[in-house]
Amino acid sequence: MTKDLAKSMKKHFGNRDKSTWDLWTEYRDLIYPFSKEEADFIFLTKFMSLLNNGEGTSSNVLVTGITGIGKDHTIKDIMRPFPYDNHFHFKHTTRKTIVGLGDDFTGVSLHLEEVSPYVYKDETFLAITSMNFGDNSWTIDYRDKEGHTKRELKGKPTLFLSCARPSQVPVDIYRRFNTLHLKDSPTKRRTRNKLVLARRNNPLKYQPKQAFKDTISDIFGNRYSVEVPFSDKLLEYFDTDNLPTQFTSKLSFIMDLISALEIVQGKDYERKGDVIHLTANPDNWNNTIRPILNMIFSEGLFRLSGNADRLFKLLFMKQKIAGWVVSELEDEWLSQYGKRPKYDTVVNHLNKLSDLGIVELDHTRLTEKNVPMLTAKLKFQKITFPYYDNGVFVSEIGIEGIDGKEGIDGIDKKEDTKNNSDHSSKNIYNKIEEHFTSLKNKEFDKSDFAQFISKDFTNRNLNGVFALWLKQGTIFEFKSGRFMSK
């Protein structure tokens, strides 16, 4: 180990007044006083390229949102503390841009604005979105003078794409990227406008500090391998048989996100050859990783667009145990969207959802006249990531659905959780059922539940419970903040 490298490692992993993460949160709160999970996600993605055991597609980020919401400005701000030697920002991205980037993407990150629809079909673009770090891939380009040319691409760039028209993004591209959708609101607009004026009057205040830039440079001088010892427990929490097929493709991203945070926050390390080995700290899961994952996957493992998205929402809003036949979907489409779709339109998009592993198509169901009819059953379920508590992953509330319906998190809590505690699914459910019986159409609010379940069972924990009960018809809202049982 060289003296410079030893000094770099000591600066990063040693005891400092402020950690790299502390310096980041200070900077983040200045430049992005909105959802911290949104900024943390972009920031941590940049570190995934340093992982020796990372997955290349983990570092593909698609940022969507209406024009003017600050997609590209946010990416640029978050990239400022990083070394700019291998970071390239393009205001308008065409096929010529992609071909002109060269052949070696090792250690490179790209920020691509206004991506032309033709880029999504470009061979080089498709190659760099699916390669792993350290991989090589062959591609063929066509140029006017040279004709068809064969190129060997090396390495995998970190990709940040911005898009104001997500409906133009092909579904296959969504599959390759982790999507961050920036939502707008009156409060956010007011805050954003004030921030624009404040930055204009005092621009230096919103620049990253040199100490922050130095410590990131130190981090990027090394390669890392991070072990996640609680990964098996996380997988065991979910019912693998009912998980969407796409979940497997996202496992590496989840591990890489955990690992990226460990690179920034880790203190204990072991050096083996040219690689720094770290072990992920489960304490970081609840505070940072879990909120990011629940934000990213709030609308599914990857996004849909156009009529496929509309059809999925119909299937999701009113799930049927026996499934939907096409005529029922036509009627529901008319009811929700005001226009009856063509039969072929519904069937084509059902086939697309089937190809993506979102629905299961059944051709064996018969009408009363023994005529086969296509039936679609929804396989996809929203994934909600659990808390990590005393070596066990547990749901936030731990309540299965009333009358055997699906629970708040969409997934039952595993048997190896604390079954004998007041927060176990069985005990909480029994107490709530008894409480419903005693109420008999009397008014109640969330504080009633907090009192009889547990002093630690707060109103915040109960928000999801009440939302489910309202949806299932177990209770109905009587007036603001209070409810009536049925």
Side-chain angles (χ1 to χ4, degrees), residues 1-32 36 39-54 56 58-59 61 73-89 101-102 104-111 133-134 154-160 203-226 256-278 280-281 284 288:
M1 184 189 307
T2 65
K3 291 183 179 179
D4 290 341
L5 183 56
K7 183 178 179 181
S8 169
M9 292 168 60
K10 185 175 181 181
K11 283 173 63 180
H12 173 51
F13 292 104
N15 295 321
R16 298 189 304 270
D17 293 336
K18 292 183 178 179
S19 67
T20 306
W21 188 255
D22 292 334
L23 293 170
W24 155 244
T25 55
E26 285 183 3
Y27 178 63
R28 177 198 67 199
D29 294 344
L30 272 177
I31 63 168
Y32 200 75
K36 65 179 183 179
D40 288 346
F41 170 53
I42 296 175
F43 177 71
L44 290 173
T45 298
K46 181 72 173 174
F47 293 91
M48 293 179 185
S49 63
L50 303 178
L51 288 166
N52 266 17
N53 58 339
S58 297
S59 62
V61 177
H73 194 76
T74 299
I75 296 172
K76 286 192 294 184
D77 273 345
I78 295 174
M79 291 298 107
R80 290 187 197 280
F82 292 93
Y84 262 75
D85 296 343
N86 294 313
H87 177 74
F88 303 97
H89 177 199
L101 286 172
D104 192 348
F105 295 96
T106 304
V108 170
S109 64
L110 304 175
H111 174 189
F133 298 112
K154 300 178 181 179
K156 166 69 176 69
T158 301
L159 286 170
F160 298 100
L204 292 179
K205 177 182 177 181
Y206 297 89
Q207 295 295 316
K209 294 180 180 178
Q210 190 60 45
F212 183 31
K213 297 171 71 173
D214 289 344
T215 187
I216 286 183
S217 294
D218 293 337
I219 293 174
F220 270 75
N222 302 292
R223 299 290 300 172
Y224 301 85
S225 177
V226 180
D256 290 350
L257 187 65
I258 296 170
S259 302
L261 180 60
E262 195 62 35
I263 291 175
V264 179
Q265 286 196 342
K267 295 182 179 180
D268 298 326
Y269 69 94
E270 179 183 4
R271 186 169 190 86
K272 296 181 180 179
D274 296 331
V275 180
I276 294 176
H277 289 257
L278 298 161
N281 183 353
N284 295 329
T288 305

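Judged purely by atom type and a 3.5 angstrom limit, Asp40 has no side-chain atom pairing as donor or acceptor with the backbone of Thr288. Side chain of Tyr27 to backbone of Ile78: no donor-acceptor contact under 3.5 angstrom is found.
Separation of atoms NZ (Lys76) and CD1 (Ile31) is listed at 12.0 Å; rounding is to 0.5 Å. How far CZ of Phe220 is from NZ of Lys46: 5.5 Å, rounded to the nearest 0.5 Å. The distance from atom NE2 of His277 to atom OH of Tyr269, rounded to the nearest 0.5 Å, is 13.0 Å. Distance check: Gln210 CD to Leu23 CG gives 11.5 Å after rounding to the nearest 0.5 Å. Rounding to the nearest 0.5 Å places CD1 of Ile219 at 8.0 Å from CG of Leu50. Between Ser259 atom OG and Leu51 atom CG the span is 5.0 Å, to the nearest 0.5 Å.
For the residue pair Phe212 and Phe43, the shortest heavy atom distance occurs at CZ-CE1, 3.9 Å. Closest approach of Leu278 to Tyr224, counting heavy atoms only: CD1-CD2, 4.0 Å. Between Ile263 and Phe47, the shortest heavy-atom distance links the atoms CD1-O, 4.0 Å. Smallest separation of non-hydrogen atoms from Asn222 and Asp218: ND2-O, 3.1 Å. Across Pro208 and Arg80, no two heavy atoms sit closer than the pair CG-CB, 4.0 Å. In plain terms, the two heavy atoms of Thr45 and Ser59 that are nearest each other are CG2-CA, 3.7 Å.
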Take Ile42 and Met79, measure what side-chain contact (heavy atoms from CB on, under 4.5 Å) needs, and give me the verdict at the end.
CA-CA 9 Å; Ile42 296 175; Met79 291 298 107; 4.2 Å; yes
Could you go through Lys272 and Glu270, starting from their C-alpha distance and side-chain angles, then the distance that decides it, and tell me whether this counts as side-chain contact (heavy atoms from CB on, under 4.5 Å)?
CA-CA 7 Å; Lys272 296 181 180 179; Glu270 179 183 4; 3.4 Å; yes
Kindly indicate, with the supporting measurements, whether the criterion side-chain contact (heavy atoms from CB on, under 4.5 Å) is fulfilled by Asp29 and Trp24.
CA-CA 9 Å; Asp29 294 344; Trp24 155 244; over 6 Å; no
Please evaluate residues Thr215 and Thr20 with respect to the criterion side chain to side chain donor-acceptor pair (under 3.5 Å), reporting the C-alpha separation (whole Å), side-chain torsions for both, the decisive distance (0.1 Å), and the verdict.
CA-CA 7 Å; Thr215 187; Thr20 306; 3.0 Å; yes
Before giving the answer on side-chain contact (heavy atoms from CB on, under 4.5 Å), spell out for Thr158 and Leu110 the whole-Å C-alpha distance, their side-chain angles and the decisive distance to 0.1 Å.
CA-CA 6 Å; Thr158 301; Leu110 304 175; over 6 Å; no
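Side-chain N/O atoms of Asp22 and Ser19 include a donor and acceptor closer than 3.5 Å. Side-chain atoms of Gln265 and Asn281 include no donor-acceptor pair closer than 3.5 Å.
A 4.5 Å side-chain heavy-atom check between Val61 and Leu159 finds every atom pair outside the cut-off. Looking at Thr25 and Lys36, their side chains never come closer than 4.5 Å, going by heavy atoms from C-beta outward.
Under the side-chain hydrogen bond (donor to acceptor under 3.5 Å, both in side chains) criterion, Asp256 pairs with Ser58, not counting sequence neighbours. When the salt bridge (charged side-chain N to carboxylate O under 4.0 Å, His left out) test is applied to Lys209, the partners found at least two apart in sequence or on another chain are Glu26. In this structure, Arg223 has no salt bridge (charged side-chain N to carboxylate O under 4.0 Å, His left out) partners at least two apart in sequence or on a different chain.
Heavy atoms of other residues, nucleotides or ligands lying less than 6.0 angstrom from NZ of Lys154 number 12 at most.
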